[in-house]
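Here is the structure we will look at.
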Amino acid sequence: MGEMTTIRAFDEEALFGAYVAKPSSEAKAAIIVIPEIFGVNPGIRQKCDSWAAAGYLAVAIDIFWRFAPGVELNPDVEAELQEAFGYFQTFADTKGSDSAVKDIKAAVQAIRRGELGTPAVQKVGCVGYCLGGRLAYMAATRTDVDASAGYYGVMIETMLGESHAIANPLMLHIPTADHFVGPEAQAAIHAGLDDHPKVVLHDYVGLDHGFAAEMGNRRDEEGANLADSRTVAFFREHLG
């Protein structure tokens, strides 16, 4: 089990929340977990705990802290789902993705400096889901994170012009029946990234957005296990 802490924002006089799960011995590397639009909820904390059990320092950052700090929502509760969509719109309207990439940079910096109550860890990867999947892609194009993985990232097709800046490995998991990322968007992602030497794409035929959620109605057990096994192997190869 991890615990909540704070990280100093990049070039801002502010602190934001993060859930930190520590391995039982020296960390192999660190993994930043970037949540969906539902905040650092029990499912995201469970993902962190699993990475810690596998020997990684895991850090989930609160990407909505500027307007809804500490929010935790359940996508299977309609009212909370709608609340999350509202936060996503606020995030989009305030250019939240640009700010969130700075939050990822701040987390990388804190991990590498040993500022989270843990020894410094130099190898840092990130994994994100939904909006977090978009941010994982942006981290690959805009930061020096050592490896990135994104699950059902939204609006990546609008940012393919940044793909030339991807210097470290990136893996994207794409469910073909994603009702938020349609066939045209998926085709654009493949056209833009299939030949990139640092990128690997995996399609999941017939699966929908959220298939790798830790809990709840969206999870597809077989698909989630396959995608997660690929992510584990990916980070083992590129982070240690």
Side-chain angles (χ1 to χ4, degrees), residues 9-12 16 31-37 61 63-67 84-85 87-109 123-205 207-212 227 230-231 234-235 237-239:
F10 192 84
D11 69 17
E12 295 182 47
F16 63 89
I31 295 174
I32 297 169
V33 179
I34 315 169
E36 300 176 271
I37 59 176
I61 60 173
I63 59 175
F64 285 166
W65 67 271
R66 289 173 177 83
F67 51 84
F85 286 149
Y87 290 143
F88 174 73
Q89 190 60 55
T90 299
F91 187 89
D93 290 346
T94 57
K95 296 185 178 179
S97 291
D98 293 336
S99 296
V101 171
K102 292 183 178 180
D103 296 340
I104 295 169
K105 287 182 179 179
V108 171
Q109 186 177 79
K123 281 277 191 179
V124 183
C126 71
V127 58
Y129 306 84
C130 177
L131 174 56
R134 168 185 170 87
L135 295 172
Y137 173 82
M138 294 177 71
T141 66
R142 300 187 186 186
T143 79
D144 65 349
V145 71
D146 293 291
S148 303
Y151 288 66
Y152 29 87
V154 294
M155 300 180 295
I156 290 174
E157 74 279 2
T158 69
M159 307 196 72
L160 294 171
E162 296 189 21
S163 65
H164 66 278
I166 299 171
N168 291 322
L170 169 67
M171 174 181 285
L172 297 178
H173 301 287
I174 304 170
T176 64
D178 192 329
H179 65 286
F180 292 121
V181 183
E184 290 185 3
Q186 293 175 37
I189 292 169
H190 275 286
L193 297 176
D194 274 342
D195 294 333
H196 196 295
K198 294 293 185 178
V199 180
V200 59
L201 307 179
H202 292 294
D203 288 334
Y204 299 83
V205 177
L207 296 189
D208 199 354
H209 197 86
F211 75 87
R230 286 167 167 167
T231 301
F234 175 75
F235 283 141
E237 177 182 359
H238 299 296
L239 298 180

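Only heavy atoms go into these numbers, but all of them, side chains included; no hydrogens, no water, no symmetry mates. Treat the numbers as computed from the prediction; the structure is a model and nothing was measured.
Using a 4.5 Å heavy-atom threshold, the side chains of V108 and T143 count as separate. For the pair S99 and T94, the minimum side-chain heavy-atom distance is 4.5 Å or more. Contact annotation: the side chain of T141 never approaches that of S163 to less than 4.5 Å [non-hydrogen atoms, C-beta and beyond]. Looking only at side-chain heavy atoms (C-beta outward), Y129 and V33 come within less than 4.5 Å of each other.
The line from CZ of F88 to CG of D93 is 9.5 Å long, rounded to the nearest 0.5 Å. For the atom pair CD1 (I174) and OH (Y204), the distance works out to 9.5 Å, reported to the nearest 0.5 Å. For the atom pair CG of L193 and CG of L172, the computed distance is 6.5 Å after rounding to the nearest 0.5 Å. Atom OG1 of T158 sits about 4.5 Å away from atom CZ of R134, to the nearest 0.5 Å. We find the CD1-OG distance between I34 and S148 to be 7.0 Å, quoted to the nearest 0.5 Å.
Legend: residues meeting ring-ring contact (aromatic ring centres under 6.0 Å, His included) with Y137, ordered by chain and number and at least two apart, are absent. In this view, D203 satisfies the salt bridge (charged side-chain N to carboxylate O under 4.0 Å, His left out) rule with no residue, not counting sequence neighbours. With sequence neighbours excluded, the residues satisfying side-chain contact (heavy atoms from CB on, under 4.5 Å) with P175 are Y152, D178, L207, F211. Listed by chain and number, the residues in a ring-ring contact (aromatic ring centres under 6.0 Å, His included) with F234 are H238 (sequence neighbours excluded).
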Residues T231, Y151; criterion side chain to side chain contact (heavy atoms under 4.5 Å, CB included); working and verdict: CA-CA 10 Å; T231 301; Y151 288 66; 2.8 Å; yes

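Taking the six-membered ring for Trp and thresholds of 30 and 60 degrees, H173 and H202 have nearly parallel ring planes, at less than 30 degrees apart.
For residues 184-198, there are no salt bridge (charged side-chain N to carboxylate O under 4.0 Å, His left out) pairs, not counting sequence neighbours. The salt bridge (charged side-chain N to carboxylate O under 4.0 Å, His left out) pairs that include a residue from residues 157-170 are R142-E162, where partners are two or more places apart or lie in different chains.
Comment: D103 engages R66 in a salt bridge, judged by a side-chain N to carboxylate O separation of less than 4.0 angstrom.
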